[in-house]
2 protein chains.
Amino acid sequence: MNDDAMDLRARNSQATREAISHAALRLAIEQGPNGLALVRVHDIATAAGVSPRTYNNYFSSRAEAICAFQADQSRRVGQALRSRPADEPLDQAVIAAVIELYTDPEPDKAGLRMIMLTPELEGEALKAFSMAEGPLAEAIAARTGTDPGRDLFPAVTAAAVAGAIRVAGRHWLEPGNTESFATMLRSALTCILPAEPHEDPRDR
Amino acid sequence: MNDDAMDLRARNSQATREAISHAALRLAIEQGPNGLALVRVHDIATAAGVSPRTYNNYFSSRAEAICAFQADQSRRVGQALRSRPADEPLDQAVIAAVIELYTDPEPDKAGLRMIMLTPELEGEALKAFSMAEGPLAEAIAARTGTDPGRDLFPAVTAAAVAGAIRVAGRHWLEPGNTESFATMLRSALTCILPAEPHEDPRDR
DNA sequence: TATCGATATTGCGTGTCACGCACTATATGC
DNA sequence: GCATATAGTGCGTGACACGCAATATCGATA
């Protein structure tokens with residue numbers, strides 16, 4: 001995660017990756033949610049200062065490049081939860097972690113709008129948000145002491161959290177909306193987070 | 001939904017749609033999760049008895065055709081919830097509706113495995129499951145008397161339910177697993193369903 | 001039942017894309 | 001400073017999605 005932790009090659013690689021992804025998102029935003037077809041691979045590559053073939057070494061579709069930032073963000077949720085104090089109740093820890101992660105740099109409304117409101121990006125956007133589920137489920141399992149192999153709670157909760165973030169984003173983008181993103185996230189997450197995992201009566 | 005409720009033309013349309021989708025899924029299963037590239041559009045069209053161009057009138061990608069059944073299934077969740085008795089508590093109603101819908105015809109394990117375990121299908125599979133969210137959120141809002149414009153509860157719960165179904169499916173597919181799909185669904189849904197919507201302290 | 005009109009199906013052409021392969025340039029480690 | 005692993009690139013290919021226009025087919029109505 002820290003650039004210092006990576007060797008020089010990996011850092012360069014990461015840099016071009018971000019250059020491509022950033023260029024892709026920027027160009028997509030310029031054309032708006034209905035002009036995605038106008039964003040050609042050649043343009044993205046040129047804007048990022050690489051050849052089209054190189055673009056394709058990093059991403060296997062335009063959608064993937066455009067949504068890469070959201071995907072990376074999602075991947076960090078698990079780690080964010082792990083960095084919360086261990087004695088914090090699960091619900092508060094998750095809420096705090098998510099809010100911190102999604103509002104530390106001012107969230108990019110244009111980018112989120114592009115990703116969530118472009119029909120051709122729907123699948124990739126869902127993939128991006130669902131990237132949080134795996135690591136998050138593990139972090140939840142670690143925190144609650146549940147075995148993710150037997151108990152569905154961690155995976156289900158992780159999926160629910162990812163869904164709540166998505167819904168919060170959607171509502172945040174809605175036209176007449178004055179609330180902050182943090183507020184929307186808290187409202188959404190509160191809907192599905194119990195303080196402790198339920199006892200499943202079927203558990204053995 | 002009832003065939004009788006549709007125009008004859010619409011019924012034929014639906015029939016070819018299903019023929020194409022069915023052929024696509026069948027061919028995909030034959031090649032397995034790692035041979036999706038071998039399923040050509042031409043093969044799907046031929047197997048369905050239509051021209052390649054016609055296939056493309058119904059679906060705009062192979063992935064969409066393959067996942068169409070799951071998508072249709074998801075679309076029915078809202079209606080299934082509405083058909084539960086009005087005095088049933090929300091959690092029980094949702095659980096009963098989902099189990100009924102997903103186990104009435106014996107669930108197609110091979111199809112589910114194909115859809116959920118094929119990397120190239122991941123985005124489309126997520127889209128398919130998320131198809132449930134819209135109608136389901138409306139049904140939940142209707143049942144709980146909440147205004148989906150102001151309150152995030154219906155949308156968030158719908159997303160959580162869709163996620164829980166997904167996770168249940170994933171676990172159901174896991175190798176050493178003797179439980180029935182219904183059991184997995186109940187376990188998963190129990191993790192995220194409160195009997196009643198929470199009071200959001202921020203509500204006004 | 002015969003005819004008309006709407007609609008589904010199809011063929012063709014086009015632009016784009018993803019990717020395998022082989023070659024070159026670059027920089028990393030010794 | 002040199003050998004070598006790794007990133008970047010050019011070219012060629014196969015497949016795909018889709019617009020357009022012509023045709024076949026079906027369903028309703030008199």
Side-chain angles (χ1 to χ4, degrees), chain A residues 3-25 27-28 31 34-68 71 118-124 127, chain B residues 3-25 27-28 31 34-68 71 118-124 127:
Chain A
D3 286 5
D4 317 319
M6 316 185 340
D7 85 358
L8 249 180
R9 280 201 132 88
R11 236 190 301 170
N12 288 339
S13 215
Q14 184 72 8
T16 60
R17 182 187 180 82
E18 275 167 19
I20 296 172
S21 152
H22 187 74
L25 181 55
L27 293 180
Q31 302 293 341
N34 296 329
L36 187 102
L38 302 180
V39 180
R40 307 259 206 275
V41 164
H42 176 265
D43 304 330
I44 299 176
T46 302
V50 296
S51 87
R53 188 61 185 83
T54 298
Y55 141 87
N56 213 35
N57 282 341
Y58 284 86
F59 301 102
S60 57
S61 78
R62 281 168 301 160
E64 189 181 340
I66 294 172
C67 299
T118 301
E120 295 124 302
L121 257 44
E122 190 183 343
E124 200 63 35
K127 260 173 77 174
Chain B
D3 286 5
D4 318 320
M6 316 187 341
D7 194 351
L8 248 180
R9 279 204 134 89
R11 235 188 302 168
N12 287 339
S13 215
Q14 183 72 8
T16 60
R17 184 186 178 82
E18 275 168 19
I20 296 173
S21 152
H22 187 72
L25 182 55
L27 292 179
Q31 302 292 341
N34 296 329
L36 188 103
L38 303 180
V39 180
R40 306 257 207 276
V41 164
H42 176 265
D43 304 330
I44 299 176
T46 302
V50 296
S51 88
R53 189 60 185 84
T54 298
Y55 142 87
N56 213 36
N57 283 342
Y58 284 87
F59 301 102
S60 58
S61 78
R62 278 169 304 163
E64 191 183 339
I66 294 172
C67 299
T118 301
E120 297 124 300
L121 257 44
E122 190 182 344
E124 200 63 35
K127 261 174 77 173

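So you know, we letter chains A, B, ... as the sequences are listed, proteins then strands, and number each from 1. Quick note: numbers below take in every heavy atom, side chains included, and nothing from hydrogens, waters or symmetry partners.
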>> Can you confirm whether A/Leu36 sits close enough to A/Ile66 that some side-chain heavy atom of one is under 4.5 Å from a side-chain heavy atom of the other?
In response: yes
>> Looking at every heavy atom in both A/Ile44 and A/Ile20, which two are closest together, and how far apart are they?
In response: CG2-O, 3.9 Å
> If you take all heavy atoms of B/Ala47 and B/Ala23, which pair is closest and at what distance?
Replying inline: CB-CB, 3.9 Å
> Is B/Thr16 near enough to C/dT9 that one of its side-chain N or O atoms lies under 4.0 angstrom from OP1 or OP2?
Replying inline: yes
> Could you give the CD1-to-P distance, from A/Ile66 to C/dC17, as a whole number of Å?
Replying inline: 11 Å
> How many angstroms lie between atom OG1 of B/Thr118 and atom CD of B/Glu124, to the nearest 0.5 angstrom?
Replying inline: 12.5 Å
> Taking atom P of D/dA7 as reference, at what distance in whole Å does atom OH of A/Tyr58 sit?
Replying inline: 7 Å
>> Once rounded to the nearest 0.5 Å, what's the spacing between atom OG of B/Ser61 and atom CG of B/Leu121?
In response: 8.5 Å
>> If you define the side chain from C-beta out and look only at heavy atoms, does anything of A/Gln31 sit under 4.5 Å from A/Leu27?
In response: no
> Roughly how bent is the helix from C/dT1-D/dA30 to C/dC30-D/dG1 end to end, in steps of 10 degrees, with each end axis from five pairs?
Replying inline: 40°
>> Using whole Å, what does the distance between atom C1' of nucleotide C/dC17 and atom CG of A/Leu36 come to?
In response: 13 Å
>> Within the 4.0 Å limit for protein heavy atoms, which parts of nucleotides 10-20 of chain D are touched? Write it as a string from 5' to 3', B for base, S for sugar-phosphate only, - for none.
In response: BB---SSBBBB
> Taking the side chain from B/Thr46 and the backbone from B/His42, do they hold a donor-acceptor pair closer than 3.5 Å?
Replying inline: yes
> Which whole-number value in Å describes the distance from A/Glu64 CD to C/dC17 P?
Replying inline: 15 Å
> Does B/Tyr58 use its side chain to pair, donor to acceptor, with the backbone of B/Ala65 at less than 3.5 Å?
Replying inline: no
Just the table, please: protein N/O against nucleotides 3-7 of chain C N/O, every pair under 3.5 Å.
unit_1 : atom_1 : unit_2 : atom_2 : d
C/dA6  : N3     : B/Arg9 : NH2    : 3.4

>> Could you report the tightest heavy-atom contact between A/Val50 and A/Tyr55, atom names first, then the distance?
In response: CG2-N, 4.2 Å
